J.: 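What follows is a single structure, and I will ask about it in a moment.
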Amino acid sequence: MNHDTLLDWKPVSPPPRSTLDGRYVRLEPLNSATHGDDLWLALQGADSDPALWDYLPYGPFAERAAFDVWLQDKQSTSDPLFFSVVDKTTGRAVGLLSFLRIAPNDGCIEIGHIAFGRAMQRSPASTEAIWLLMSLAMDTLGNRRLEWKCNGRNQRSLRAAERLGFVQEGLFRQHAVIKGRNRDTAWFSIIDSEWPQCRDALQRWLSPDNFDEQGKQRQRLEALRAR
């Protein structure tokens, strides 16, 4: 595409506050009364991942009351728009993620605020949770650009972005101060011309045929995208 060409462009709709249903998980609009107990256990419980909060601008929460106040605040915002990740086998909320920096006039939207409990990490459920938001943003709403940003030292988030097919665009040096520390922010995106390849690979990876009887993947996502 000639990027100087005048676009035949109409603004997209903002994402709805509605439930998204997958094979492994269901994304429900964050509700502190419904999801609070499960999220406290998954994100702050005895078996939670202590590194979960290292690069988020909030948390960990020493007391349940402070966590509940934070949830109550986030459930009412539309940007960021938070979803709880509900495990369809157990019916329990096991993580959080959101849309943010929502710009319908530009067709640009970001996925972030990802906090997955230990049971979700490195699982088909975690990939599917992000896939549900990716598909809503690009297929249903028709955005032109999907963004992912993270601390330049956050190796887990950097690897996740690249695995999912996001293209790194650069490093914003001294972009922010988070918890008293400098944050250099790595910027990633998928644009609409790249999306079909990413979408097809994600659909093939999430297919039941891609997992053996022990639940081990047969083909890696990166290999499916390259093919």
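This structure is a prediction, so every number in the text was calculated from the model and none was measured.
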J.: Please check if the side chain of Glu194 supplies one atom and the backbone of Ile191 the other of a donor-acceptor pair under 3.5 Å.
T.: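 Side chain of Glu194 to backbone of Ile191: a pair is present.
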J.: Set out, in order, the CA-CA distance, both residues' side-chain angles and the distance that settles side chain to side chain contact (heavy atoms under 4.5 Å, CB included) for Arg204 and Asn210, then state yes or no.
T.: CA-CA 7 Å; Arg204 292 199 300 270; Asn210 191 43; over 6 Å; no
J.: Is there a donor-acceptor pair closer than 3.5 Å between any side-chain N or O of Lys88 and the backbone N or O of Arg26?
T.: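 No, because the side chain of Lys88 does not come within donor-acceptor range (under 3.5 Å) of the backbone of Arg26.
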J.: For Tyr58, enumerate each residue passing the ring-ring contact (aromatic ring centres under 6.0 Å, His included) test, keeping only those at least two apart in sequence or located in another chain.
T.: Trp70, His113
J.: Pick one: which of Asp37, Asp87, Asp38 meets salt bridge (charged side-chain N to carboxylate O under 4.0 Å, His left out) with Arg92?
T.: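 When Asp37, Asp87, Asp38 are each tested with Arg92, the salt bridge (charged side-chain N to carboxylate O under 4.0 Å, His left out) holds only for Asp38.
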J.: Can you confirm whether Arg17 is buried at CZ, in the sense that more than 12 heavy atoms of other residues, nucleotides or ligands lie under 6.0 Å from that atom?
T.: yes
J.: Are the side chains of Pro124 and Trp205 in contact, using a 4.5 Å heavy-atom criterion?
T.: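 With C-beta onward as the side chain, the pair touches.
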J.: Has Gln174 got a side-chain atom pairing as donor or acceptor with Asn182's backbone, closer than 3.5 angstrom?
T.: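 No, Gln174 side chain to Asn182 backbone: no donor-acceptor pair under 3.5 Å.
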J.: Would you give the length of the straight line joining atom OH of Tyr55 to atom OG1 of Thr185, rounded to the nearest 0.5 angstrom?
T.: 12.5 Å
J.: Would you say Leu39 ends up clustered with Ile130 if hydrophobic residues are merged whenever their side chains have heavy atoms under 4.5 Å apart, either directly or through other cluster members?
T.: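 No, because Ile130 and Leu39 fall into different hydrophobic clusters, even though each may have its own neighbours under 4.5 Å.
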J.: Charged N to carboxylate O under 4.0 angstrom, Arg227 versus Asp200?
T.: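 Salt bridge between Arg227 and Asp200, a charged N being under 4.0 Å from a carboxylate O: no.
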J.: State whether the side chain of Asp184 and the backbone N or O of Gly152 hold a donor-acceptor pair below 3.5 Å, judged by distance alone.
T.: no
J.: Tell me, with the steps shown, if Ile109 and Arg101 meet side chain to side chain contact (heavy atoms under 4.5 Å, CB included).
T.: CA-CA 6 Å; Ile109 194 167; Arg101 291 175 54 88; over 6 Å; no
J.: How long is the straight-line distance from OG of Ser18 back to CG of Leu27, given to the nearest 0.5 Å?
T.: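 OG of Ser18 is found 10.0 Å from CG of Leu27.
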J.: Is Arg118 reaching over with its side chain to a backbone N or O of Asp47, donor-acceptor style, under 3.5 angstrom?
T.: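 Yes; judged by distance alone, with no hydrogens or angles, the pair exists.
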J.: Please determine whether a side-chain nitrogen of the Lys or Arg among Asp49 and Arg156 lies less than 4.0 Å from a carboxylate oxygen of the Asp or Glu.
T.: yes
J.: Quick check: does any side chain N or O of Lys179 sit under 3.5 Å from a backbone N or O of Gly59, one acting as donor and the other as acceptor?
T.: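 Pair found, side chain donor or acceptor close to backbone of Gly59.
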J.: Identify the heavy atoms of Cys198 and Gly165 that sit nearest to each other, and give their distance.
T.: SG-O, 3.8 Å
J.: Check for a donor-acceptor pair, side chain of Ser207 on one end and backbone N or O of Asp209 on the other, with a separation under 3.5 Å.
T.: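 It does hold such a pair.
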J.: Side chain to side chain contact (heavy atoms under 4.5 Å, CB included) for Val12 and Trp9? Distances and angles first, verdict last.
T.: CA-CA 9 Å; Val12 301; Trp9 169 253; 3.6 Å; yes
J.: Are Leu52 and Ile178 in one and the same hydrophobic cluster, where Ile, Leu, Val, Met, Phe, Trp and Tyr link if side-chain heavy atoms are under 4.5 Å apart?
T.: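 As far as the 4.5 Å side-chain criterion goes, Ile178 and Leu52 are not connected within one cluster.
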J.: Could you tell me the separation between the CG atom of Leu30 and the OG1 atom of Thr77, rounded to the nearest 0.5 Å?
T.: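 The CG atom of Leu30 sits 8.0 Å away from the OG1 atom of Thr77.
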J.: Between Glu128 (side chain) and Val25 (backbone), is there a donor-acceptor pair under 3.5 Å?
T.: yes
J.: At their closest point, which heavy atom of Leu141 faces which heavy atom of Pro15, and how far apart are they?
T.: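 Nearest heavy atoms, Leu141 then Pro15: CD1-CA, 3.6 Å.
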J.: Is there a side-chain contact between Asn105 and Pro11 (heavy atoms, below 4.5 Å)?
T.: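 Yes - at least one pair of side-chain heavy atoms lies under 4.5 Å apart.
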J.: Just so I know, are the side chains of Ser84 and Leu96 near enough to count as touching, which here means a heavy-atom distance under 4.5 Å?
T.: yes
J.: Answer whether the closest heavy-atom distance between the side chains of Ser32 and Asp68 falls below 4.5 Å.
T.: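 Side-chain contact under 4.5 Å: no.
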J.: If you group Ile, Leu, Val, Met, Phe, Trp and Tyr by side-chain heavy-atom gaps below 4.5 Å, do Leu136 and Met138 land in one group?
T.: yes
J.: For the hydrophobic clusters of this structure (ILVMFWY residues joined by side-chain heavy atoms under 4.5 Å, transitively), does one cluster hold both Trp148 and Leu158?
T.: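 Linked within one cluster.
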J.: Any ring-ring contact (aromatic ring centres under 6.0 Å, His included) involving residues 13-46? Give me the pairs, sequence neighbours left out, ordered by first then second residue.
T.: Trp40-Phe67
J.: What I'd like to find out is whether the side chain of Thr127 reaches to under 4.5 Å of the side chain of Arg163, using heavy atoms alone.
T.: yes
J.: Answer with yes or no whether the hydrophobic clustering places Trp187 together with Ile190; edges join I, L, V, M, F, W, Y residues whose side-chain heavy atoms lie under 4.5 Å apart.
T.: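 Looking at the clustering, Ile190 is in a separate group from Trp187.
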J.: Measure the shortest side-chain to side-chain distance between Cys150 and Phe188 over non-hydrogen atoms and say whether it is less than 4.5 angstrom.
T.: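 In contact.
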J.: Might you point out which heavy atoms bring Leu146 and Ala137 nearest each other, and give the distance in Å?
T.: CD1-CB, 4.0 Å
J.: Under a 3.5 Å distance rule, please check whether Gln44 uses its side chain to pair with a backbone N or O of Phe61 as donor and acceptor.
T.: yes
J.: Heavy atoms only: give me the nearest Ser78-Leu81 pair and the separation to one decimal.
T.: O-CB, 3.5 Å
J.: How many angstroms lie between atom CG of Asp139 and atom CE of Met134, to the nearest 0.5 angstrom?
T.: 10.0 Å
